[in-house]
Structures are given as C-alpha cells and as structure tokens.
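What follows is a short report on a single structure.
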Amino acid sequence: EVRLVESGGGSVQPGGSLRLSCVASGLSGLGASRNCMAWFRQAPGKEGREVVAAFDIYDHTTHYAESVKERFNISQGEAEHTVFLQTTGLTPDDSGTYYCAAGPPKCGRWLWGNRNEYNYWGQGTQVTVSS
C-alpha cells in the first residue's frame, strides 16, 4: 500500500516560515519508478490545486512555481521518499491545504506541474497565514 503523510502545517503571521514534511511509503514496491514527488496547494474555498514545487528522487532536480520561487525550498530527507518544503516569507496568499503527491517516473517537462500525472496523494496539511 502506498501512503503519503504530510505534517508541519500551522498558523503563522505574514513573513513567517514553516517546514512541511512528506513521508511516503510503498513507492519502491510498485514495480515502476515513481521518482517525481511534489507539493501542491489548494486555497481556501477554491476547487483547483496548483503545483508549488517538485523534487526528482533520481537526479535531485527541483522545480518551483513562479509564485514561490526564491521563497520556498524543496529538499530530500535521509529516507529516499521523504521530502521537505521549507517555506519563508509567507503571505496570506500562501494559505491553503498543502498536499504531497507522487507518480511521474521523472520530473520532466510538462509532467512535474500536471496534477493528472500524479497517482498518489496525501491527505494534506493546513497552512494559515494571517495577521
């Protein structure tokens, strides 16, 4: 069974920071490589999820949405399928539910930011940025 578990969300003031964690299990036993792991977020009251950042387990390449570039950092933990998202300079627009996802064999062009390419999702962790 594949499981992705997020943690680290919370409430912070504008300009604050949070470190989100995603621990995935079961991906190695699928018989196919699922090297791309990503963070998506869904703003309160909105339907769609937007990609925030992605990390390729195989080649360690990173990808970021323009809205978070230079503020967020995605990295890998000691475990192969553990990924962190370090956020800084948070604004109210960053509020939402953050989801960890995995699925594409690599974080290649078009794939990393396409929600439909991800087969596995966590339940999400809440991030609230307010004064």
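In what follows, residues are counted from 1 in the order of the sequence shown.
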Could you check whether any side-chain heavy atom of [X] comes within less than 4.5 Å of a side-chain heavy atom of [Y], counting everything from C-beta outward?
| X | Y | result |
| --- | --- | --- |
| Glu6 | Ser21 | no |
| Thr91 | Pro14 | no |
| Tyr120 | Leu27 | yes |
| Arg71 | Asp94 | yes |
| Trp39 | Val83 | yes |
| Arg41 | Val68 | yes |
| Leu85 | Val52 | yes |
| Gln13 | Ser130 | no |

Legend entry - CA sep, side-chain torsions, deciding dist, call: Phe84, Val23, side-chain contact (heavy atoms from CB on, under 4.5 Å): CA-CA 9 Å; Phe84 301 105; Val23 179; over 6 Å; no
Inset, instruction - State whether the side chain of Tyr118 and the backbone N or O of Ala38 hold a donor-acceptor pair below 3.5 Å, judged by distance alone. - result: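 No, because the side chain of Tyr118 does not come within donor-acceptor range (under 3.5 Å) of the backbone of Ala38.
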Legend entry - Under 3.5 Å donor-acceptor, Asn35 side chain and Pro105 backbone: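 Such a contact is found between Asn35 side chain and Pro105 backbone.
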Inset, instruction - Check the hydrophobic clustering (I, L, V, M, F, W, Y; side-chain heavy atoms under 4.5 Å; chains of links allowed) and say if Val129 and Leu20 are grouped together. - result: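 Yes, because Val129 and Leu20 connect within a single hydrophobic cluster, where side-chain heavy atoms sit under 4.5 Å apart.
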Inset, instruction - Specify the closest pair of heavy atoms between Met37 and Ile74, including all atoms of both residues, with the distance to one decimal. - result: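 So the two residues come closest at O-CD1, 4.3 Å.
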Legend entry - Nearest heavy-atom neighbours spanning Gly8 and Thr125: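 Reported closest heavy-atom pair: N-OG1, 4.1 Å.
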Legend entry - Passing option when Cys107 is tested against Tyr58, Trp112, Phe55 for side chain to side chain contact (heavy atoms under 4.5 Å, CB included):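 Going through the options one by one, the only one that passes is Trp112.
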Legend entry - Trp121-Phe40 aromatic ring centre distance below 6.0 Å: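 For Trp121 and Phe40, the ring centres are under 6.0 Å apart.
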Looking at [atom1] of [X] and [atom2] of [Y], how far apart are the two atoms once the value is rounded to the nearest 0.5 Å?
| X | Y | atom1 | atom2 | answer |
| --- | --- | --- | --- | --- |
| Cys100 | His81 | SG | NE2 | 10.5 Å |
| Ser33 | Lys106 | OG | NZ | 11.5 Å |
| Glu70 | Thr88 | CD | OG1 | 10.0 Å |
| Asn73 | Ser17 | CG | OG | 11.5 Å |
| Ser95 | Leu90 | OG | CG | 8.0 Å |
| Arg34 | Ser28 | CZ | OG | 12.0 Å |

Legend entry - Side-chain donor-acceptor pair present, Gln42, Thr97, cut-off under 3.5 Å: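 No - no donor-acceptor pair under 3.5 Å links their side chains.
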Inset, instruction - Any chance you could lay out the side-chain contact (heavy atoms from CB on, under 4.5 Å) test for Val127 and Leu18, step after step, and finish with the verdict? - result: CA-CA 8 Å; Val127 172; Leu18 286 171; 3.8 Å; yes
Inset, instruction - Return the set of residues passing side chain to side chain donor-acceptor pair (under 3.5 Å) with Thr82 (not counting sequence neighbours), or none when no residue passes. - result: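 Checked Thr82 against side chain to side chain donor-acceptor pair (under 3.5 Å); zero matches.
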